[in-house]
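Data first, discussion second: the structure below is written as structure tokens.
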Amino acid sequence: MPIIVHKYGGTSVGTPEKIKNVARRVKNIRNKGNQVVVIVSAMGHATDELIDLMQQVTANPDPREYDMLVSTGEQVSAALLAMALQDIGCPAISLTGGQAGVHTEDIYKKARIKHVHLERLEQELKAGKVVVITGFQGIDSKGDIITIGRGGSDTSAVAIAAALKAEVCDIYTDVDGVYTTDPRIVPEAKKLEFISYEEMLELASLGAQVLHPRSIECASIYGIVIHLRSSLKEDEGTLIMSAKNIKKT
Ligand code: ASP
Ligand code: MG
């Protein structure tokens, strides 16, 4: 059975209605005979709100406790999405990064993902469930929760897609693709069908905050095509892939 990996960003799971919309989308894909793994960000601005709370308690947070705190946003959205799926008759389970076997370096707040142990994930997929995984976090060698840098859920999704040997990682966001120029500034901006990893990294270095830069690096190392698209439309977005494969198409 083909494995489909989707990632939904904060705006795409920002309200209960939007979570239910994602659940319907995911259920349809599963019912077409696919195994589906979903990585989620925290709802809306939940992570910023957690940081705001923290700042009201201390100006010098301990990095370990920072990770304990900010990783909780994703747990909320993952559990709610699993419940929304179950509610419409789609078997589903949510897993934290650690439960899903996402192992990181022993560095609080900005670790890299070292490897993904697939045992639990594969067991749940085999049992016919959609697996919803919290983005942005994993565990270190001590079993502590570690986060991987702001915006890191994209990288969680690509790393999990790579471990599962999926060819494509669909990243659903609030823009419907990559544009030649910013469509909010230049109205005639055109959506690109393809863009290479290198060009996408360059855009990221120029300040485009569409994707976490490490997700692009990880995709280029493992040859994963990132399909950046909108969770509100059915249209195709932009494929981020190797320059070599773009030439072939
Ligand atoms: N929720 C985290 C953040 O706001 C991670 C992410 O959204 O990718 O940075
Ligand atoms: Mg993001």
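In listed order, ligands and their atoms are each counted from 1. Numbering of residues begins at 1 and proceeds along the displayed sequence. Atoms considered below: every heavy atom in the structure, side chains included; atoms not considered: hydrogens, waters and symmetry mates.
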Exercise for the section: Report yes if the side chains of Thr96 and Gln75 come closer than 4.5 Å at any heavy-atom pair, otherwise no. Expected result: yes
Problem - Close-range residues for ligand 1, whose non-hydrogen atoms fall below the 4.0 Å threshold - result: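 Near ligand 1, by chain and number: Ser41, Ala42, Thr47, Glu74, Phe136, Arg150, Gly151, Gly152, Ser153.
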Problem - Partner residues of Tyr172 under the ring pair (Phe, Tyr, Trp, His ring centres under 6.0 Å) criterion, sequence neighbours left out - result: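 Only His6, Tyr8 meet the ring pair (Phe, Tyr, Trp, His ring centres under 6.0 Å) criterion with Tyr172.
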Practice task
With rounding to the nearest 0.5 Å, note down the distance linking OH in Tyr197 to CD1 in Ile216.
Solution key: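 Interatomic distance, Tyr197 OH to Ile216 CD1, rounded to 0.5 Å: 10.5 Å.
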Fill in the blank from the handout: Sequence neighbours excluded, the answer for side chain to side chain contact (heavy atoms under 4.5 Å, CB included) partners of Asp144 is Arg64, Tyr108, Asp140, Lys142
Practice task
Would you check if the side chain of Glu74 reaches a backbone N or O of Ser41 as a donor-acceptor pair within less than 3.5 Å?
Solution key: no
Exercise for the section: Using the side-chain hydrogen bond (donor to acceptor under 3.5 Å, both in side chains) rule, collect all pairs that involve residues 22-34, keeping only residues at least two apart or in two chains. Expected result: none
